[in-house]
Each structure stands twice: as structure tokens, then as C-alpha cells.
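Below is one structure, written out as C-alpha cells, with a few remarks after it.
Values below: every heavy atom of this structure, side chains too, minus hydrogens, waters and symmetry copies. Remember, predicted model here, so these are calculated numbers, not experimental data.
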Amino acid sequence: MADEKLQIIRHSCAHVMAEAIKHLYPGTKIAIGPAIDNGFYYDFDFPTDTKFTEDCFADVEKEMRRILAGNHEFIRKEVSKDEALKLFADEPYKVELINDLPADATITTYEQDGYLDLCRGPHVASTKEINGQAFKLNKIAGAYWRGDSDRPMLTRVYAYCFAKPNDLKDYLAMLAEAEKRDHRKLGVEMDLFHLDPEDPGQIFWHPNGWTIYTTMQDYMRKMVRRDGYKEVNTPAIMPRTLWERSGHWGHYQKNMFITESEKRLFAIKPMNCPGALEIFKSRQRSYKDLPLRLAEFGHDVRNEPSGTLHGVMRVRGFVQDDAHILCTEEQIGPEVAKFCKLLKTVYHDFGFDELVVKFSTMPEDHVGDLATWERAEKALSDACHEAGLDYEIQPGEGAFYGPKLEFKLYDCLGREWQCGTIQVDYQLPSAERLDATYIGADNQKHHPVMLHRAILGSFERFLGILIENFAGAFPTWLAFEQVAVVPVSPDFDDYAQKVNDELVANDIRSNVYLGDENMKAKIKQISTEHRTPYILVVGEKEKADNSVCVRYRFSSKKPQETMKLEDFVKYVQKMNEEKGTGI
């Protein structure tokens, strides 16, 4: 979220936009208009004979600038509930908000240039503090009043807003660059995947995209194995009784796909944790077995509303790099610290070194008593200190069964992405839930603590982030086509094939481009559609010397050069091993 001063400017500008629209479109009713990360929005109920579209933006912006030029004060006033109801008698949405307030609530209004709005504030002192060249109306969307599909559909008008014109200019430039990098656009251009409107939220991975996907998965499998995890796999469909005991049926059922067989209800799993506990419970465990780290690349399905789906970033079917650590209370700190070290290594290998950590505390909709939650939150806080982590508090944002850390990374455009998480869970293993136990050193039964953790989150979403971060130009180790071999003419097809066979035999992802097409046309296609790191051009000289002429993807960083084939093989293998993000 932007700094407080900027948020005040944005919210004040939202009032100015509401005033402008009320001037231009008499009879429009106003709802709410908060500041958001890049500007603000305001919800309106336009008269039925008014057609408000994005073509109207220029007129609204002109009217807003006229209002701003008047240097009008924002005047705050406290009013009683009865006074507020009279002031806003012709604004039904405001009346509803007022009626929902407690009888003794402090109600405030703000007025500028004769325009009155119900608002807690604060606002800038006057309209001169809002730069008329630092905002821009952005888009229109539909929004149900109070998010209820049974209530009226309002028109939500979004706008960008910044303190200075150059800040807006920089942000719009970033958006233009982000549009070029849109993973949905590049996914089609590079033949990575497609999305079928008849099967919303499900991804059809093509060979190119699936190659990157499995490369990521193989990498994560190696990393968790080295870090002491055992890989498991649990059923895709599990009975209602299990989900009821875990608490998911009562707290997450709306997001679950339900099916019936032989008069029994089952759910396609939206998450993997109950299955991991069933594996833990399958035999008697000892304290000597702990910590037990169970990793699962589990395929989960969640019934997300179709309107929230977004390319591969927000889907219904996905695979998590999931794991569950069963441990004692004393082991929480060391295990969280160990996880954080692994997470940082993984993010570094993918090219992300800047992280922000958020600490999410007990939500309203939770299971378990307050005392247990306090123990869990203290254990996680102590673990953060042990791991040397600074964090920001997110009140009430924890999972229903426990507090969590969220790890947010930044891409090359400065955008924030929430990916990794670790959660401390006393609830699921408890006697009241799935009743998992181990025999302690005192020869008595105890319930373990369960740590839920993921680093990438879902492979689908993380790959979408990578596509946009690298603009499709993946580092060598991740590229679906690491090398393209192009003969200068069909006379050298045999040698080109030999080079390609040697590369493939050394586990290098290589393709050979034979045929009568023009060499330059082939190179252009490879460069634009595949963004291949290395193009090997071979002709008479290369054939005679058993060499290759290497053209690097970013030729400005490194010119083309001729290398012995065996040296080039070693070079690419070194790049794969080092996980470099360059060429």
C-alpha cells in the first residue's frame, strides 16, 4: 500500500471525481469511493437513460481539473445520525450505510465546492494539493452493492492517481511494459499453453510450456530431497467425513467440488494437508521420527468464481510445491529457520532476491481456542526472530487453523507477488480434529505440531510470474529450447543433425531446423517465437573443424563466437548447473 499522504490524496481525488460525475450526469447516486494501491475507485448508480462508457472519461477528467483549479477547501463536519439521514435523504446507498452505524457512532461529512459526501476522512486541506496532471481515469467495471449478487449492480469507475505527474507517467510506462509481457499473450505466441472457455480455470499445457513446467518441478524435487523431505502422494478424492474432521467442510466447502458415489459424499481435494496427516497416522510414530518432512506435488482443484480467473495466475486446477512438517513444539523455530533458508535459495535461483515477509494473525473465522492461537502466534514470532526475519503484521489474515508467514517477491517491474507461505497448525493434528499422535520421550502420547509450507505456491502461478518477469526470454536452465541448430544451407543438414544429436545426448534441450527455408528467416522465427538463448549456425568451416558458430540471444552483451562443439556442450552444462539468469 502506498504511503499515508498519497492515500489521502487519492481518496480526496475520488471525491472530486464523484463531484464531477454528479455535475455532468444529474440524478446519479453515489455509493463508496476508497483509495487503492494505484489510485482509487468510486461506485455509481447512473440513471437508466444514461449510458456511461470509457468514452466519457475525457469529459470527466476535464471537469475534475476545473474543480481542482478552484482551490476549494475540504470542510469536515461532525453530524448526528438524524442529521446525516436528512443530508443524504436522496442518496439511498449512503442512507443504508448510515442506518447500519451504531446509534452513538461519530458521523462525519466532507464538503468541497458545494459537494457533500459521507466520509470518515481524512482529506487534504484543499483541492490545490491534488495535481491535475497526476491522475487518469482507467476503466469501468460492474460491482454488486456490498458484494452481494442479490443487490443492485453498480458502475465502478477506476482511476490512477499519484502525487506528481512524473509518477503517473512512470506508472503508465510500467503498465505498457507489463502489457507486452502479459503471460496470456506470450503463452500463445510461444505456444506454451491454451485456455478453453468451455473448461474455465483449467490449463492445457503444450510441449513448450510443459517442458518449462517439468523443469521447475524436477528442480524443486531435487531441492526438497536434499533438504531432508520425503515425497508422498495422496488421493485426489477423499470422503466428506475426513473433510468434516479436518474442519475444511465447515470452513471451505464453498470452494470444493463435491461428488457422490454409493450414497456417500466425496470432495476433490482443494488442499493436501489431511492426506499428509493420514500418512503420518498410518503407523505409530516416535519422537525420534520428528521432524518428519512430507513433500507432495499435489494436484488440487478449487471452485473459484469464473469472474476471478486470470490466465495461469488464478485457476481452478493447479499443483502446489506443498509440504507438511510434523514436529514438536520445540522444533518449530529450527524448522521455520531451515525453511526460510531453502526458500531464499530457491528464489535466488529463479532470479528473485528482494523479499517482504508478512505475519498473518488469527482470523474471525477460525477453529481452536484463543490460548492455543496465542501459543501458535508466539511460536511463529519466536521462529522469525530465530531466522533473522523482519515482518509486517497482517491482522486477521491467518488460515482458519493457524497463523502464517507470507513471502512476497518483486519482479523486474517492481510488482509484488505473494508466493511462499509457512503456517503453524496446532489444530489439525489435535484430538478434536484428525487425532495424530506420537510417543514422546516420556513414553506418553503427544500431538505433533503441523507446519504447512510452500515455496513457489502453485507451479501454474509461479510460471506465469516467470513468463512476465523474463518476458519469455527464460534463462538457459529454464528455457524450453536451450539451443537451436541452423545450417547455412541444406548442404549442411547432415552436420546440423549430428550437432543436435550430440547436444540431446548430453541432456541439452536442442532442436535442429532443416529444410529449404531461408536461414535468416529461421533465425528470426527462433528469436521472436522461442527466444532461444543460443542459436548455432553451422556451415562448411564448422563442419571441417567440428565446431559451431554461437549466436547469443542478447548479442549486445556477448558477441557471437566460434567454439568447438565439445566446449559448447560444457558451457551449456555449466549454465544449467549454476542456474544463472543471464546468457
Side-chain angles (χ1 to χ4, degrees), residues 183-184 186-196 199 201-227 229-234 236 272 294-301 311-313 315-323 342-343 345-352 419-420 454-484 500 503-512 526 529-534 572-581:
H183 73 280
R184 295 165 298 179
L186 293 179
V188 173
E189 290 178 5
M190 299 176 72
D191 196 23
L192 303 179
F193 60 84
H194 83 269
L195 305 165
D196 186 345
D199 193 9
Q202 305 290 341
I203 305 166
F204 293 79
W205 290 104
H206 298 189
N208 293 345
W210 192 244
T211 297
I212 304 170
Y213 192 106
T214 55
T215 299
M216 292 167 55
Q217 199 168 71
D218 290 344
Y219 164 80
M220 289 305 302
R221 180 169 277 119
K222 179 181 72 173
M223 295 300 285
V224 298
R225 185 171 62 245
R226 288 178 176 178
D227 212 45
Y229 290 80
K230 305 294 184 184
E231 187 175 342
V232 299
N233 190 264
T234 60
N272 308 301
L294 301 178
E296 179 176 10
F297 300 115
H299 190 280
D300 299 325
V301 180
V312 303
M313 300 286 202
V315 293
R316 287 178 173 171
F318 58 93
V319 175
Q320 292 180 302
D321 68 314
D322 209 359
L342 174 63
L343 176 139
T345 299
V346 169
Y347 282 1
H348 172 77
D349 284 350
F350 282 105
F352 303 108
C419 294
I455 297 176
L456 305 185
S458 80
F459 284 99
E460 288 74 8
R461 182 169 178 271
F462 199 80
L463 181 44
I465 294 169
L466 291 178
I467 292 170
E468 297 195 359
N469 185 61
F470 294 118
F474 290 96
T476 300
W477 75 278
L478 273 174
F480 62 83
E481 181 180 82
Q482 298 173 316
V483 182
N500 188 71
L503 294 169
V504 172
N506 281 278
D507 295 324
I508 294 171
R509 295 188 289 277
S510 177
N511 287 309
V512 60
I526 294 163
E529 293 183 9
H530 291 179
R531 294 160 171 79
T532 306
Y534 313 105
V572 177
Q573 289 174 332
K574 181 171 178 286
M575 291 297 294
N576 284 338
E577 183 63 30
E578 291 179 352
K579 304 289 186 295
T581 56

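- Minimum interatomic distance between N500 and S510 (heavy atoms only, all atoms of both residues): OD1-OG, 2.6 Å.
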Exercise. Run the numbers on Y229 and M223 for side-chain contact (heavy atoms from CB on, under 4.5 Å), then give the verdict.
Key: CA-CA 9 Å; Y229 290 80; M223 295 300 285; over 6 Å; no
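- D322 pairs by the side-chain contact (heavy atoms from CB on, under 4.5 Å) definition with N272, Q320, H324, not counting sequence neighbours.
- Between T345 and H348, the closest side-chain pair of non-hydrogen atoms is not below 4.5 Å.
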Quiz item: What do the steps show when you test F474 against I467 for side-chain contact (heavy atoms from CB on, under 4.5 Å), and what is the final call?
Solution: CA-CA 8 Å; F474 290 96; I467 292 170; 3.6 Å; yes
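- Judged as a side-chain hydrogen bond (donor to acceptor under 3.5 Å, both in side chains), and not counting sequence neighbours, Q202 has no contacts.
- In this structure, F193 and L463 have side chains that are not in contact, with every pair of non-hydrogen atoms separated by 4.5 Å or more.
- The two residues A484 and T532 come nearest to each other via the heavy atoms N-CG2, 3.7 Å.
- A donor-acceptor pair under 3.5 Å is absent between the side-chain atoms of Q482 and the main chain of P533, judged by distance alone.
- Taking each heavy atom of K579 and N576 in turn, the nearest pair found is NZ-O, 3.1 Å.
- With sequence neighbours left out, H299 forms a ring pair (Phe, Tyr, Trp, His ring centres under 6.0 Å) with no residue at all.
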Exercise. May I have the step-by-step check of side-chain contact (heavy atoms from CB on, under 4.5 Å) for L186 and L192, ending in yes or no?
Key: CA-CA 8 Å; L186 293 179; L192 303 179; 5.5 Å; no
Quiz prompt | CA sep, side-chain torsions, deciding dist, call: M190, N208, side-chain contact (heavy atoms from CB on, under 4.5 Å) | solution = CA-CA 8 Å; M190 299 176 72; N208 293 345; 5.7 Å; no
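- One distance of note links CD1 of I508 with OG1 of T476; it measures 10.0 Å at 0.5 Å rounding.
- Remark: E189 engages K185 in a side-chain hydrogen bond (donor to acceptor under 3.5 Å, both in side chains) (not counting sequence neighbours).
- The closest donor-acceptor contact from the side chain of Y534 to the backbone of V572 lies at 3.5 Å or more, if one exists at all.
- Here the closest heavy-atom approach between residue R509 and residue T215 is recorded as NH1-OG1, 3.6 Å.
- The side-chain heavy atoms of I465 and F352, taken from C-beta on, include a pair separated by under 4.5 Å.
- Under the ring pair (Phe, Tyr, Trp, His ring centres under 6.0 Å) criterion, Y213 pairs with W205, W210, F459, not counting sequence neighbours.
- In this structure, the side chain of R531 does not engage the main chain of E481 through any donor-acceptor pair within 3.5 Å.
- At least one side-chain heavy atom of H194 sits under 4.5 Å from a side-chain heavy atom of H206.
- The shortest side-chain heavy-atom distance between F480 and H530 falls under the 4.5 Å cut-off.
- The shortest heavy-atom contact between E296 and V232 is CG-O, 3.5 Å.
- For R184, the salt bridge (charged side-chain N to carboxylate O under 4.0 Å, His left out) partners at least two apart in sequence or on another chain are D182.
- Atom CE of M575 and atom CD of E577 lie 12.0 Å apart (nearest 0.5 Å).
- The local environment of CG in N506 is crowded, with over 12 non-hydrogen atoms from other residues, nucleotides or ligands closer than 6.0 Å.
- In this structure, the side chains of D300 and V319 stay at 4.5 Å or more apart for every pair of heavy atoms.
- For the side-chain hydrogen bond (donor to acceptor under 3.5 Å, both in side chains) test with Y219, the passing option among D349, D321, T214 is D349; the others fail.
- Here the side chains of R461 and F318 are not in contact, with every heavy-atom distance at 4.5 Å or above.
- A side-chain donor-acceptor contact under 3.5 Å links E468 to the backbone of H183.
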